[in-house]
Protein chains: 2
Amino acid sequence: MDVQPSTRERLLDATEDLAFTQGVAATPVDEILRSAGVAPATLYAHFGNKEGLITQALERRLMRWDEAWQLAIDEASTPREKLLAVFPALTEYRRGVTAARWCAFLGVAAESPRPGPELQKALASDTQLLTSRLRELAVPVVGANHVDALVAQLVLVYTGVLGMLLRGMDAERAVELGLHIAGAAVEAAAGTRS
Amino acid sequence: MDVQPSTRERLLDATEDLAFTQGVAATPVDEILRSAGVAPATLYAHFGNKEGLITQALERRLMRWDEAWQLAIDEASTPREKLLAVFPALTEYRRGVTAARWCAFLGVAAESPRPGPELQKALASDTQLLTSRLRELAVPVVGANHVDALVAQLVLVYTGVLGMLLRGMDAERAVELGLHIAGAAVEAAAGTRS
DNA sequence: GTCTATATCAAGATAGAC
DNA sequence: GTCTATCTTGATATAGAC
């Protein structure tokens, strides 16, 4: 039996739908309210202000991405496949949630010159999760010595995949391309392993 | 003898300073006017509206990037170095102009869900220049058959370099990292050459 | 917790003079 | 071409009732 989503969740859903596709500044609070079927005062009671709403939408989004990525890792068999699972996970993830225009986190970062502490934390936690988990996964593949360089490369490629969406590239093609580049980087790093 | 910049140029300068570092929506026209020392009506006489101002700032920026990149290509000696010159060119370019927070074009694209035709054209011309010139440069390196795949990879890496700036990475490190990944991609593609 | 109604304010844009 | 002064709108946020 389906429970209908709470007011709070409807607001977060609408925020993902609208703000992460059109841009935050290009999405008036009014539009989110209309889409969620909620009154202004209710939004402010829950989230304080627009930035609070965006922040919590990002937090929920990161949790879901975290789970989706972890699932993809668990399903992969070899250490190398687990390390590269971030790319197929992205495709799968974008099917499950409302797909952002490119990346909810980078998009908000780009248009937030002076984020408040909460938002700043939410934004940083995306890069944080990305690098820390990739580091764990990379150790079995290239050894502890070469991990840092490889992780930085993988984060760059992952970021490039998302950026290509802004250049109009199809998401699946971008992921495929990224996987190819990342695979080569892993080979090169694994070859260097002392 | 230095000629002092025209009103028009002061406005474009201020736009690059402010809108491409803070974000367009986060930069009120007022702030640009104050920074340029110009009256509102003057701006609208020159550019029609805010989007016109942004559009022309992007157009001027692309011209300068075009020149800077071409210069870097001319200074490189081997075909492989010319192909990869886009990365050192980026470092050099960012010294010459007001460096954007990450990328003026991608940044504007990200916060413009429904750009007018002029702006759309200005945005597309960045990717256009990038792909067409890389394609020319790649032919001598990998042959005409494998060009498309390699170009797409290089554009992705280039885009990833810029995106890393939003994750707080230092520009020179990002460029260095990108150059490394791109170099490996070029090697791999050149090796495949039939 | 949620609503209706409204206050407040800032931003984009224009009128009209010089 | 450029200025001062102002208009108009649309967006964030709040007051007060249910």
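A note on names: the letters A, B, ... follow the listed sequences, proteins ahead of strands, and every chain is numbered from 1.
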> Going 5' to 3' on DNA chain C, which nucleotide is the first and which the last to come under 4.0 Å of a heavy atom in chain B?
Replying inline: C/dA11 to C/dA15
>> Under a 4.0 Å threshold between the charged nitrogen and the carboxylate oxygen, would A/Arg95 count as salt-bridged to A/Glu172?
In response: yes
> Checking B/Thr27 side chain against B/Gly23 main chain: does a donor-acceptor pair fall under 3.5 Å?
Replying inline: yes
>> Once ring-ring contact (aromatic ring centres under 6.0 Å, His included) is applied, what residue pairs with a partner in residues 102-130 of chain A remain, sequence neighbours excluded?
In response: A/Trp102-B/Trp102
>> Checking B/Trp69 now: which residues fulfil ring pair (Phe, Tyr, Trp, His ring centres under 6.0 Å) with it, not counting sequence neighbours?
In response: B/Trp65
> Which residues within residues 29-40 of chain A lie with some heavy atom under 4.0 Å of an atom in DNA chain C?
Replying inline: A/Gly37, A/Val38, A/Ala39, A/Pro40
>> Tell me the interatomic distance from A/Leu18, atom CG, to D/dA11, atom P, rounded to whole angstroms.
In response: 13 Å
With a cut-off of 3.5 Å and sequence neighbours excluded, list every side-chain donor-acceptor pair involving residues 130-137 of chain A.
from, atom 1, to, atom 2, distance (Å)
A/Thr131, OG1, A/Thr127, O, 3.0
A/Thr131, OG1, A/Gln128, O, 3.2
A/Ser132, OG, A/Gln128, O, 3.0
A/Ser132, OG, A/Leu129, O, 3.4
A/Arg133, NH1, A/Asp66, O, 3.3
A/Arg133, NH1, A/Asp66, OD1, 3.2
A/Arg133, NH2, A/Asp66, OD1, 2.7
A/Arg133, NH2, A/Gln70, OE1, 3.4
A/Arg135, NE, A/Asp148, OD1, 3.1
A/Arg135, NH2, A/Asp148, OD1, 3.1

> Given a cutoff of under 4.5 Å between side-chain heavy atoms of I, L, V, M, F, W and Y, with clusters grown through shared members, what are the other residues clustered with A/Leu12?
Replying inline: A/Leu11, A/Leu18, A/Val29, A/Ile32, A/Leu33, A/Val38, A/Leu43, A/Tyr44, A/Phe47, A/Leu53
> Judged by atom type as modelled, is there a donor-acceptor pair below 3.5 Å linking the side chain of B/Glu92 to the main-chain atoms of B/Ala72?
Replying inline: no
> Do the charged groups of A/Glu111 and B/Arg101 touch, with an N to O distance under 4.0 Å?
Replying inline: no
